[in-house]
Every structure is written in C-alpha cells, then in structure tokens.
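So the structure is just underneath, and the comments pick up after that.
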Number of protein chains: 2
Amino acid sequence: MNVTGHTRRPASIRDVASAAGVSYQTVSRVINGHPSVKHSTRERVLAAIDELGFRRNATALALASGRSRAVTVLTANTTHYGYASILQGVEEAARAASYAVGIGVLESAEEVAVAAEVRRAADAGGGLIVIAYDPAGVGALAAVPAELPVVGVVETPATPPGGDRPWVWTDDREAAYAVTRHLLSLGHETVHYVAIPSSTRRTSARTTGWRQALREAGAPEPRPLQGNWGPAGGHRAGRKLAQDPSVTAILCGNDDLALGVLRALHENGRSVPGDVSVAGFDDAPHSAYLTPSLTTARLDFTGLGRAAFALLHGVLEQSAPIAPHRVSVPELVVRESSGPPPAHV
Amino acid sequence: MNVTGHTRRPASIRDVASAAGVSYQTVSRVINGHPSVKHSTRERVLAAIDELGFRRNATALALASGRSRAVTVLTANTTHYGYASILQGVEEAARAASYAVGIGVLESAEEVAVAAEVRRAADAGGGLIVIAYDPAGVGALAAVPAELPVVGVVETPATPPGGDRPWVWTDDREAAYAVTRHLLSLGHETVHYVAIPSSTRRTSARTTGWRQALREAGAPEPRPLQGNWGPAGGHRAGRKLAQDPSVTAILCGNDDLALGVLRALHENGRSVPGDVSVAGFDDAPHSAYLTPSLTTARLDFTGLGRAAFALLHGVLEQSAPIAPHRVSVPELVVRESSGPPPAHV
DNA sequence: GACATGAATGTGACCGGTCACACAAGGCGT
DNA sequence: ACGCCTTGTGTGACCGGTCACATTCATGTC
C-alpha cells in the first residue's frame, strides 16, 4: 500500500476530501452519518476513506467537540481480585461502547496526593469512575470537582459519599448479614470478624451487616479485628483468634484475609471446620480450591464495573437517568470451611 | 472562588494572558520554562495562572504538539496476578513521569479482533505496551503497525516476536530451570510439568527451562500437561497426575495452576510434600499462606512493568537507547510444598 | 553615530476535527 | 413568473495549545 518509504502521517479529512473531490465538511458529514448527503457523494467519500485508510483522529475530535469518549478509573489498587474485576468490567463495557479506558492508582490516602491524582485524571478528559471502597477512594470521590462527570463505586447505600452524584453498589451489608446468619444457624454462639480497612472512619457496610445479624440473634458482639487487604493481615489477626478457645466462627472481610486466618489456625493446631469455622468475602477464583475450600459471599464485581460504566455513559451522553443502582444480589456460597461448632463447647 | 454560579469553562492560556497583560505566547513560554522571559513578567504570569487555576489542556497539547504523554497497555487479562502486577508497575512509572495510562483487553485471540483492538489502542495516541505472554498478546504485538512506538513484554529472549522492536523480559527459562533443579536435587527421579497456555505454537520459555534441567540430569522427560491460567485447569491436570503413583514431583506454570494441583492431590489422598512435591511459578501473594505453603519462583512483575514504561518513555522522548532489557533475576523461593520423594519409591 | 546582536515579546498559521452559517439548485404553491 | 422551503454542499471561525517568524528595544562594538 504505502509505496513511498516515508512514514507519512495519517490521512486527515482534508486529504480524504480532496481525494473524493468534495469539501472537508462533506467528509465530516459522511463520517457522522448526517442524512443530507447525496448517495453518490457518500459512496465516493467512503471509497476515499477506505483507500487512504482514514481513521478519525480522537484527539482532534475531543478538542473540537468537547466529548472525549474516554473514562478513567481511579482506584487504590489494581491487583486485588475485587478491584481488578471491577476494572475488567468497566473495560469490557467501555470497549463495547468504543470508549477508551484510563487508570489512575491512588498510592497514598493522603489528602494532597489524592487531590493531585484526581486532577491528573481530570486532565485526561472524559468521565471518571472512582472505586470508593477504601479511604483513598472515598477521599478521591470527595475531591472530584462538582462539574466533572463521575460515578462512584461504593460499598454502602446508606450515605452517598459524593453527595448527589450517581453511584453503583453491591449490597455488602446484605452479604455480610447472610454469611453471618449462615454461621449462626450452624449453631455457633457468636461470630468473630476480621475487617478490611473500612471506607470511612466509621464502620463499613460489611461490619454493619455482620453486627446486625448478631444483634438479631441476640449473640454477643465481639470487637472486630482490624486486618489489611492481604493474607498477611489475616494471618496476624488469626494468630490472636487462635489463642482464644471460645472462638468457633470467624467471618473475614475478604477471601485473602480468610486465607491468612486459615493458615494461622492451622499453625496453631486448630482444625477447620472441626474446631473453627471460617468464611470469607468476594469468592475469589482460588477460594474454591483451597483446602478446606472457603465458604464465602460471591459478589458480581465485573457486573459492578459494567454498571458503573453504563451509568457514566448515560451521564456523558445525557441519555440515561442517573439513578443509583444496586448491582445484583450477593450470593452465599457454602463450602468446606464452615460447619457446626465442636460438640464439647 | 467561583463567585458566579455558572459552570464556566476552565481558563485557557489566552485568559491567563489577558489577566497578566501579556500575549498568549508569553504564557506558553512561562509554562514551558522558556529562558527568555523577564523575571517580573514570569512572576506576573505565574500569579495569573495561580489565580485562575489554569491547567494546561492535555488534549490541545497533544493535538498541537503531536506528543500525547500517554501509554496504552494491551493485555489479555487484568485479573491474574502477573498481568495485574505488570500493569501496576507501568502505572507507577507512568505516574512518576506524569503520563496517562490506558488499558485495552484482548478478549479473543482471534486475529481480526486483535487487530481491531490494536487500532483502538493506536487511536488513543501515545505509546503502546503489549503484554505478549500468550497467543493474543503475541498476535497484538505482531499487528502493531511499524510506525507506532511500542514495547513488548515477552517471556523468551530467544525469538523477539516483534522483529526489531524494543522489549523487556524476565528470565522465565532460567527460573523454570532453577525450580526443576531444586526438585531434582531433592532426589526426585523426574519432574512433571503442567503448562500455562504457551505464547507461541511452540514451547514456552518455562517449558524449555524445565526440559533443559531434566535433560542435563539425564532424567526422563514426561509429556507436559496442558493447563489453563486458573486453578480449574490445574485441578484437571492434577487429577490425572494423582492417579499415577510414579509421579513424585510436579512443576506448575503458575501458582494458580499449582493451587488446583494441590487440591486434586489432596482429594486423591496424596499428601504434599510427603507423597508428591509441588512447585509453582510467580510467587503470588497468597502462595506463602497456603497449606502447605508453595515452593515457587518469584518474578519481579512490577519491576517488569516499570522497565517497560521506562523503555517506551525513552523511545517517545528520543532520549534513552532502546536495547532489550532483562529485568531482575528470578528468585527461587523454597517453602513447604517441596521435599524429598517418599522412601519406598 | 551607525549597525549588528541578543533578549523579550507579539503575530499569524497550524494541528484535525466540529459547528454555525451562507449559498446554489430543484420542487412546489400561488 | 415569483417567492419559499428543502436538499446538498461549501466557507469561515473555533477548540486550546504549539511553532516559525516578525518586531521592539537595549546593549556592545567599531
């Protein structure tokens, strides 16, 4: 095709125009499917587009029209299962709508750093999706200037962190409630909780659901232990819980935490589920293959990401309504790690 | 600040210019640190910039100058540990250089789909980083037009898949070699292998390293089993291997695969490492907390991502050389899952 | 004192699209 | 025949920056 050896720059609409013998505006009309273009002219232009391999320059489009067909996902992490899956969901939906997806990682939760990262994301143009499951994310959502189109992915439906902004959520509280009830129904006197870093200073939705189930059952409410995101945090918390013989059931804020807890229990000679039952949260891909396999609550993160994009898309194109949106009902997945408490307790 | 209720559009250099009583070009000079601007003028302009909250419009910059300060990462997956970590590394380095990061997922390995995805990424402007650890990625790298700046993240140093393009790699072959040798040194007669989908029709670097170690030791070379990426594939392969009493050591193409294998061995009543030793690849965060904890080869994926960006950055700014680059030496991590073969074999 | 030199600043065109408007040609009502 | 609306097409300005070049003024040199 490109006979000349030069790295010629890509064809513009003016190149196409002169090739087709029309004005650049007519080319623009053809590209945008404007109705009033004579059939024969359109054919000619399309042929020229095809021949020159013309592709509409996204940068110029963004500058001239103001809309950039891009979204940026702001998140504290890209490697944890939940976050990565949300991102994947966003990308999937964005690809289908031919939007570009950018990502920005909130490395620190410190206010100044978060604000800087939000500005960077804003510079990229287009809409913003902020994963606000943790302090950094919540801070970012709050730091987004009012005029910017943004959708929050949040954990709790109770207090919309971004004020009147659109947001999507999975019902973490309901999920935690369901798992806790499952454990109680097996006969455990109470359920201990190893928490993920909460999104606010106050308690997270997961904590709330857990507490609600205990309260309804009239069970004692032990203090939640603070974990991190990863297995290391769970391991630390698990070591403490393993010392206490009265502990027979442990709910963990996510599956990684649960993994750490399982390990700690094992190291301390307490069997699962014989001595202690353990449940996780998220249903990460490996949870089904652990030994013992993990009882957990499955959340549809990919769907959450897709929904977040759909909502933002609606905002950006002023088409869809911007009602907040609960994405799918969480599902309790019972596996080997939960069972009745030991008889002698 | 914004006293008028209107959502006024952000300040441009011309706004700043008139506020400071200079021409727009002078503002441009100040922004770009051009030397020949009188000190007092510069002060005045900076004050105006500050007051109006001016931020340079990235889109206009890209259109006018041609350079877009953006990279797009093309990958087959965002949730698996290795891929996600590479992405994280890229983002980290890009953020430090104030580049924007885009992502594109190669959902199918089918040629037409891959080519379309590459075009989409190209439209986003800036450079490309292609993770070419799998067929889709390799196809994408090959489909990138010659004039586009691109860096490949590849597994094998032997055959640069993108021709003369810059690339980065970790020494997977060396890592597989080291792990296999470790297992042989424990006394196993041979080591079986459960493979990840190879990047080419031929064998992957990991397979090569494994085979080389066997050959050097004069050990029999069993046929590698094909797994997927996830634990499910490992589980399937593990079930087959568990039937064969002669199998005493298994190397897996990644830690997820190893997890599936561990589970399958457990289900079939074979103990690890008592009856069978298992080793993984990648050192995913949860591998240290499994029971038994997993012997594996640690690869510096984040560093790989950072290096990929650094290389691309060099290409884009015509500063650095574009030599391919081996990123860090893989490290053997010995944990509980490997040990001597059972005595009676 | 005339003139080259360099520092400081301004002007106009351009990147590749879109948008608002102008304009020519054809069909229709009167 | 005239005006008027509709269809098809072209022109100029604009988005917000950069780039190449022109201009002004102070300074140093012969």
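Here the structure is a predicted model, which is why all the values come from computation and not from measurement. Protein chains get the first letters and strands the later ones, always in sequence-line order, with residue 1 at the start of each.
- Taking the charged nitrogens against the carboxylate oxygens, E317(A) and R67(A) have no contact shorter than 4.0 Å, which rules out a salt bridge.
- In this structure, a donor-acceptor pair under 3.5 Å is absent between the side chains of H39(A) and T41(A).
- T59(A) comes within contact range of no nucleotide atom at all, as no heavy-atom separation falls under 4.0 Å.
- Contacts of L61(B) with the nucleic acid, taken as non-hydrogen atoms under 4.0 Å apart, involve only primed sugar atoms and P, OP1 or OP2.
- Within residues 23-33 of chain B, the residues approaching DNA chain D are Y24(B), Q25(B), S28(B), N32(B), by heavy-atom distance under 4.0 Å.
- With sequence neighbours left out, the side chain to side chain contact (heavy atoms under 4.5 Å, CB included) criterion links A122(A) to L148(A).
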List the steps and the verdict of side-chain contact (heavy atoms from CB on, under 4.5 Å) for L74(A) and V118(A).
CA-CA 8 Å; L74(A) 234 38; V118(A) 169; 3.9 Å; yes
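- Between G21(B) and L63(B), the residue whose closest nucleotide on DNA chain C is further toward the 5' end is G21(B).
- If you check every strand for non-hydrogen atoms under 4.0 Å, S12(B) touches sugar and phosphate atoms only.
- Between R9(B) and D15(B) a salt bridge is recorded (basic side-chain N to carboxylate O distance below 4.0 Å).
- Other residues, nucleotides and ligands place no more than 12 heavy atoms under 6.0 Å from the CD atom of E111(B).
- With a heavy-atom cut-off of 4.0 Å to chain B, the contacted part of DNA chain C has its first and last nucleotide at dA8(C) to dG16(C).
- A donor and an acceptor atom, one from each side chain of T302(A) and Q88(A), are nowhere located under 3.5 Å apart.
- Salt bridge E117(B)/R120(B): present, at least one basic N to carboxylate O contact under 4.0 Å.
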